[in-house]
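One is the number of the first residue; the rest follow in order along the sequence.
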Amino acid sequence: MLATNTTLSRPVRLDDLLLHYEIERFNCAYAAALDEQRLSDWSEMFTPDASYVVLSRENEERNFPVGLIYCENQGMIRDRAFALEKTAMFAPRYLRHMISNLQLHGETETGEIKARANYVVLQVLFDRPDATIHQVGTYHDVFRRTDAGLKLVQRRCIYDNLLVPNALCIPV
């Protein structure tokens, strides 16, 4: 199916399909930036007032705000990207971000677009022969149109894993 009208209250329109495609393209670029460890590019995919949170499903369901990563604005996101690119030491790895099952949940009165998608992050450490599932979860997103295209106002990465193996180095 090309696009999903989650409310099913009206037929899918061409505008819905185009917006679905635009967000799919955004998510592909997002995944590529992380897979290629272009973290500066990744940090520019957010608005200045953006928030980025990686939180367990358990904490989300209990309304506990404590997460593995908690950035309150683009400055904090840029700081995280800089630290990982320039100062952090962690075992070399390849990551693959798979993003699927995009659902559009409409626009707010201010024109921000709400969406949701599933993600899986696979990891291969250089000294290990196999790939492992690093994290599985759901993105809860709010997008805003800018002169540069869509940007994230909010990305809440709610992961399903009970435990996250190894260090969470590269963002999800």
Side-chain angles (χ1 to χ4, degrees), residues 1-4 6 20-46 50-74 76-105 114-143 150-172:
M1 183 181 296
L2 291 175
T4 305
T6 57
H20 191 275
Y21 177 71
E22 190 175 5
I23 294 174
E24 285 278 2
R25 286 187 54 206
F26 178 95
N27 281 336
C28 286
Y30 181 96
L34 291 177
D35 290 348
E36 297 163 12
Q37 296 188 22
R38 293 182 289 109
L39 300 180
S40 293
D41 293 345
W42 167 77
S43 69
E44 296 306 312
M45 300 177 104
F46 295 86
S51 66
Y52 174 75
V53 177
V54 179
L55 183 69
S56 71
R57 175 188 270 201
E58 179 180 22
N59 282 358
E60 173 75 0
E61 289 173 350
R62 293 179 179 176
N63 290 321
F64 293 163
V66 178
L68 293 176
I69 301 174
Y70 191 87
C71 298
E72 295 178 339
N73 56 53
Q74 190 181 37
M76 291 178 76
I77 295 167
R78 284 180 178 147
D79 287 348
R80 180 164 186 81
F82 178 82
L84 288 168
E85 284 183 324
K86 307 294 184 199
T87 64
M89 299 293 288
F90 51 86
R93 66 198 67 222
Y94 294 118
L95 295 173
R96 292 293 172 252
H97 292 71
M98 310 294 175
I99 305 171
S100 67
N101 299 349
L102 174 64
Q103 297 176 0
L104 303 180
H105 291 285
K114 293 185 175 185
R116 181 183 149 166
N118 295 334
Y119 71 88
V120 175
V121 181
L122 302 171
Q123 174 178 262
V124 176
L125 295 173
F126 284 11
D127 64 346
R128 307 246 169 84
D130 57 340
T132 58
I133 295 176
H134 189 57
Q135 197 172 101
V136 176
T138 306
Y139 293 140
H140 296 264
D141 297 330
V142 178
F143 290 92
L150 286 178
K151 295 221 177 198
L152 283 164
V153 176
Q154 180 182 74
R155 176 154 276 183
R156 292 179 62 81
C157 311
I158 310 300
Y159 62 91
D160 297 327
N161 309 46
L162 184 57
L163 299 173
V164 177
N166 207 332
L168 178 62
C169 303
I170 305 301
V172 296

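- Atoms OH and OG, from Tyr70 and Ser51 in turn, are 7.0 Å apart once rounded to the nearest 0.5 Å.
- Looking at Arg155 and Phe143, their side chains come closer than 4.5 Å, going by heavy atoms from C-beta outward.
- For Glu85 and Arg38, the salt-bridge test fails: no basic side-chain N is under 4.0 Å from an acidic carboxylate O.
- Closest non-hydrogen pair, Asp160 versus Arg57, comes out as OD1-NE, 3.1 Å.
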Take Lys114 and His140 through the test side chain to side chain contact (heavy atoms under 4.5 Å, CB included) and record every step on the way to the result. CA-CA 8 Å; Lys114 293 185 175 185; His140 296 264; over 6 Å; no
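- Counting heavy atoms of neighbouring residues, nucleotides and ligands inside a 6.0 Å radius, atom NZ of Lys151 exceeds 12 of them.
- Here CG of Asn27 is found 13.5 Å from CE of Met98. Values are rounded to the nearest 0.5 Å.
- Looking at every heavy atom in both residues, Ile23 comes nearest to Leu150 through CG1-CD1, 3.7 Å.
- Contact annotation: the side chain of Leu122 approaches that of Ile133 to within less than 4.5 Å [non-hydrogen atoms, C-beta and beyond].
- The shortest heavy-atom contact between Tyr119 and Gln135 is OH-OE1, 2.6 Å.
- Closest approach of Asn118 to Thr138, counting heavy atoms only: OD1-OG1, 3.4 Å.
- Here Phe82 contributes atom CZ and Ser43 contributes atom OG; the two are 11.5 Å apart, rounded to the nearest 0.5 Å.
- Contact of the Asn73 side chain with the Met76 side chain is registered, since non-hydrogen atoms from C-beta on lie closer than 4.5 Å.
- Side-chain atoms of Tyr139 come within 3.5 Å of backbone atoms of Val172 as a donor-acceptor pair (strictly under, hydrogens ignored).
- Taking CG of Asp79 as the start and CD of Gln74 as the end, the distance is 10.5 Å to the nearest 0.5 Å.
- Side-chain contact between Pro171 and Leu39 is present, with heavy atoms from C-beta onward closer than 4.5 Å.
- Leu152 pairs with exactly one of Val142, Asp141, Ile77 by the side-chain contact (heavy atoms from CB on, under 4.5 Å) rule, that one being Asp141.
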In sequence, state the C-alpha distance, the side-chain angles, and the governing distance for Val124 and Leu95, and then conclude on side chain to side chain contact (heavy atoms under 4.5 Å, CB included). CA-CA 6 Å; Val124 176; Leu95 295 173; over 6 Å; no
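- In this structure, Arg80 is not positioned above the aromatic face of Tyr52 in the sense of NZ or CZ being under 6.0 Å from the six-membered ring centre and within 45° of the axis.
- Here the straight-line distance linking atom OH of Tyr159 with atom NE2 of His134 works out to 10.5 Å at 0.5 Å rounding.
- Of all non-hydrogen atoms in Asp35 and Arg96, the two that sit nearest each other are OD1-CA, 3.2 Å.
- Nearest heavy-atom pair, Leu104 versus His20, reported as atom, atom and distance to 0.1 Å: CD1-N, 3.8 Å.
- Interatomic distance, CZ of Arg116 versus CZ of Arg156, reported as 13.0 Å (0.5 Å rounding).
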